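Structure first, then comments.
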2 protein chains.
Amino acid sequence: MPRWDPEAKERLRAAALELFTEHGYENATVTQITERAGLTRRTFSRYFADKRDVLFAGSEQLPDAMADAVRHADPSLPPFQALLAALVAAGDLFAGLVSQAAQRRAVIASSPELQERERTKLAAVTEAVVEALRERGATESSAKMLAQVGTAVFQTAFERWSDQPADTDFATQVQEAAAELAAHLTP
Amino acid sequence: MPRWDPEAKERLRAAALELFTEHGYENATVTQITERAGLTRRTFSRYFADKRDVLFAGSEQLPDAMADAVRHADPSLPPFQALLAALVAAGDLFAGLVSQAAQRRAVIASSPELQERERTKLAAVTEAVVEALRERGATESSAKMLAQVGTAVFQTAFERWSDQPADTDFATQVQEAAAELAAHLTP
DNA sequence: GCAGTGATGACCCACTGTGTCATCACTGCT
DNA sequence: AGCAGTGATGACACAGTGGGTCATCACTGC
C-alpha cells in the first residue's frame with residue numbers, strides 16, 4: 001500500500017490511455033506520459049515493467065481468479081464441465097468491464113506489440129487453469145489441452161455475446177459454443 | 001534474392017544462436033552478434049525487425065503452409081476433420097526439424113520475451129488456418145474456435161509424440177488427442 | 001563500358017530500461 | 001516532541017535498441 005500518492009499508478013494509466021488514443025501507441029513516449037501525470041520517467045518504471053504493461057494493470061489477478069473458479073466448481077463435475085462452469089462464473093466478472101474497456105481494446109487492436117502482450121496475459125491464465133485442472137485429477141498433458149480449448153470456447157462465447165448481449169445470456173453462449181465444438185469433433 | 005552475400009542472414013542467425021547459448025539471450029547484444037558475423041548492427045536491423053526476430057527466421061512461411069494443407073485436404077471432409085488431416089501432413093514437415101531445433105527451443109524456454117514472440121508466430125498460423133476453414137464453409141466465429149482447438153490438439157499430439165516417438169506415429173497421436181477431447185466434451 | 005539496383009557501412013539521434021544515490025513524507029516508538 | 005526506519009520519488013548516468021540518411025561498392029542487364 002503506497003502511503004503518499006495512491007493515485008500515482010492510476011494517474012499514469014489514465015495519462016497513457018489518453019496519449020495512446022490521441023497520438024497512437026507507437027508515437028507516444030513514456031516521457032510524455034509521465035509529464036502528463038506530473039511524474040518522472042523513472043517512477044513509471046517502478047510501477048510498470050515496460051511501456052506496454054501500463055495497459056495491462058491489474059491483470060495479474062486474473063490467473064488466480066480463474067483457477068479458483070475452477071477449484072470451486074461443483075466437485076462432482078468432470079474436468080471440462082468444471083471448466084465451463086468456471087468460465088460462466090468468470091464471465092459475470094467481465095460483464096461490467098465491457099464498456100469501460102472499449103477504448104483500451106481499440107488501442108490494443110492498433111498495435112501488434114500490444115496484441116503480443118495480450119496473448120501473454122491470456123497464456124498466464126491458461127497456465128493457472130492447467131494447474132487447477134490437474135488438482136481435479138487430469139493429467140498434465142490433458143489439462144493443457146483442455147485449458148487451451150476452454151480458452152477458445154471462452155473467447156468465442158464472449159465475442160458472440162458482445163455482439164448480441166440482448167438476445168441471450170453469456171452462460172447460454174458458453175454452452176452453445178461447447179456443444180458446437182462437440183458436434184464438429186464427432187463426425 | 002540477395003546478390004552479394006546470400007549467407008549474411010544465415011551468418012547472423014548462426015552467430016546469434018551461438019551467443020544466446022553461450023551467454024544467455026538477455027546478455028548477448030546485437031552488436032556482439034554482428035561482430036561475430038562480420039557485419040554491422042545496422043545491417044542486422046535490415047534483416048530482422050528486432051533482436052528476437054533472429055530466432056524466428058523462416059517462420060513467415062508456416063501460416064501459408066498450414067493454410068494450404070487445410071485447403072488441399074480431401075474436399076469431402078467436414079472442417080475439423082480436414083484440419084486434423086492437415087495437422088498430420090504438417091507434422092511430417094516438422095519431423096526433420098526436431099533435432100536441429102533443440103538448441104533453439106532451449107533458448108526460447110529461457111526467456112519470457114521469446115516465448116511471447118513464439119505465441120505470436122503461432123497466432124499467425126492460427127489466423128491463416130481460420131481463413132482456410134472459412135473457404136471450406138465455416139463461419140468466421142466457428143473457424144476461429146476450430147483453428148484454436150486444432151492448435152491445441154496439434155501441440156498436445158506433438159508433445160506426446162516427442163516424448164515417445166518410437167511407440168506410435170504422429171498421426172495416431174493426433175487422432176487420439178482429438179478422440180480424448182471429444183470424450184471430455186460429451187459427458 | 002555504363003547506368004541502374006540493391007546490399008552494406010558509417011554516422012547520428014530519440015527512446016527505453018535500469019542502476020545508483022539523495023531527498024522527502026509519513027510511520028511507529030520512545 | 002523527537003527520532004530512527006521505511007518507502008516513494010526525483011536527479012543523474014549509462015548501455016542498448018531501433019531507425020533515418022547518405023555514401024560507397026558489387027553486381028546486373030543493356
Side-chain angles (χ1 to χ4, degrees), chain A residues 1-20 22-58 60 107-108 110-117 120-121, chain B residues 1-58 60 107-108 110-117 120:
Chain A
M1 288 269 184
R3 288 176 292 177
W4 292 271
D5 197 345
E7 302 147 22
K9 189 169 181 175
E10 172 55 26
R11 283 216 315 275
L12 286 169
R13 203 195 57 78
L17 194 55
E18 284 174 24
L19 279 166
F20 292 162
E22 287 171 24
H23 306 127
Y25 173 76
E26 303 282 356
N27 300 324
T29 73
V30 173
T31 303
Q32 289 170 342
I33 295 169
T34 56
E35 279 169 358
R36 183 167 294 206
L39 295 166
T40 63
R41 202 168 57 84
R42 193 67 189 83
T43 300
F44 182 94
S45 288
R46 292 195 183 97
Y47 283 111
F48 307 103
D50 52 45
K51 184 177 154 188
R52 311 176 191 183
D53 221 41
V54 72
L55 274 168
F56 298 92
E60 319 82 45
V107 175
I108 294 178
S110 76
S111 159
E113 254 186 71
L114 293 173
Q115 293 162 41
E116 196 168 64
R117 180 57 54 88
T120 295
K121 300 292 182 177
Chain B
M1 287 272 180
R3 288 176 292 177
W4 291 272
D5 196 346
E7 302 147 21
K9 190 169 181 174
E10 173 54 27
R11 283 217 314 275
L12 286 169
R13 203 196 58 76
L17 193 56
E18 285 175 23
L19 279 165
F20 292 162
T21 305
E22 287 172 24
H23 307 127
Y25 172 77
E26 304 282 357
N27 300 325
T29 74
V30 174
T31 303
Q32 290 169 344
I33 295 170
T34 56
E35 279 169 357
R36 184 167 293 205
L39 296 166
T40 62
R41 203 168 56 81
R42 195 65 189 83
T43 300
F44 182 94
S45 288
R46 292 194 183 97
Y47 283 112
F48 307 103
D50 51 45
K51 184 177 151 188
R52 309 177 194 182
D53 222 38
V54 72
L55 275 168
F56 297 93
E60 318 84 45
V107 175
I108 293 178
S110 77
S111 159
E113 254 185 71
L114 292 174
Q115 294 162 40
E116 197 168 61
R117 180 57 54 89
T120 296

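Each chain gets a letter, A, B and so on, in the order its sequence line appears, and its residues count up from 1. Note that the structure is predicted; figures quoted are calculated from it, not measured.
- Counting to the nearest Å, the P atom of D/dG16 and the CD atom of B/Gln32 are 7 Å from each other.
- A donor-acceptor pair under 3.5 Å is absent between the side-chain atoms of A/Ser111 and the main chain of A/Val107, judged by distance alone.
- In this entry the distance linking CD of A/Glu35 with P of C/dC15 reads 10 Å, nearest Å.
- For A/Val30, taking side-chain heavy atoms from C-beta onward, the closest of the listed nucleotides D/dT17, D/dG10, C/dG17 is C/dG17.
- To the nearest angstrom, C1' of D/dA8 lies 17 Å from CZ of A/Phe44.
- Separating the CG atom of B/Asn27 from the C1' atom of D/dT17 is a distance of 16 Å, rounded to the nearest angstrom.
- Scanning DNA chain D for stems, defined as runs of 3 or more consecutive Watson-Crick or G-U wobble pairs whose donor-acceptor distances all fall under 3.5 Å, gives the following ranges: C:1-30 with D:1-30.
- A close approach under 4.0 Å does not occur between any side-chain nitrogen or oxygen of B/Tyr47 and OP1 or OP2 of C/dA7.
- Protein atom CG of B/Leu39 is 16 Å distant from nucleotide atom C1' of D/dT24, rounded to whole Å.
- Under the salt bridge (Lys or Arg N to Asp or Glu O under 4.0 Å) criterion, B/Glu35 pairs with no residue at all, not counting sequence neighbours.
- For B/Glu22, the side chain to side chain contact (heavy atoms under 4.5 Å, CB included) partners two or more places apart in sequence, or in a different chain, are B/Glu18, B/Leu19, B/Arg36.
- Listed by chain and number, the residues in a ring-ring contact (aromatic ring centres under 6.0 Å, His included) with A/Phe56 amount to none (sequence neighbours excluded).
- If you measure from atom CD1 of B/Ile33 to atom P of D/dG16, you get 12 Å, rounded to the nearest angstrom.
- Side-chain N or O atoms of A/Arg41 include none that pairs as donor or acceptor with a backbone N or O of A/Thr31 at under 3.5 Å.
- At whole-Å resolution of the value, CD in B/Glu7 and C1' in C/dA7 are 14 Å apart.
- Remark: A/Tyr25 engages A/Phe20 in a ring-ring contact (aromatic ring centres under 6.0 Å, His included) (not counting sequence neighbours).
- A salt bridge links A/Arg52 to A/Glu116: at least one charged side-chain nitrogen sits closer than 4.0 Å to a carboxylate oxygen.
- Atom CD in A/Glu113 sits about 10 Å away from atom P in D/dG18, given to the nearest Å.
- With 3.5 Å as the limit, one finds a donor-acceptor pair spanning the side chains of B/Thr40 and B/Thr43.
- Checked against D/dG18, C/dG17, D/dT9, the side chain of B/Lys51 finds its nearest nucleotide in D/dG18.
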What's touching nucleotides 19-23 of chain D from the protein side, N or O pairs under 3.5 Å?
from: D/dG20; atom 1: N7; to: B/Arg42; atom 2: NE; distance (Å): 3.3
from: D/dG20; atom 1: N7; to: B/Arg42; atom 2: NH2; distance (Å): 2.9
from: D/dG20; atom 1: O6; to: B/Arg42; atom 2: NE; distance (Å): 2.8

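- Expressed to the nearest 0.5 Å, how far CZ of A/Arg117 lies from OG1 of B/Thr120 amounts to 10.5 Å.
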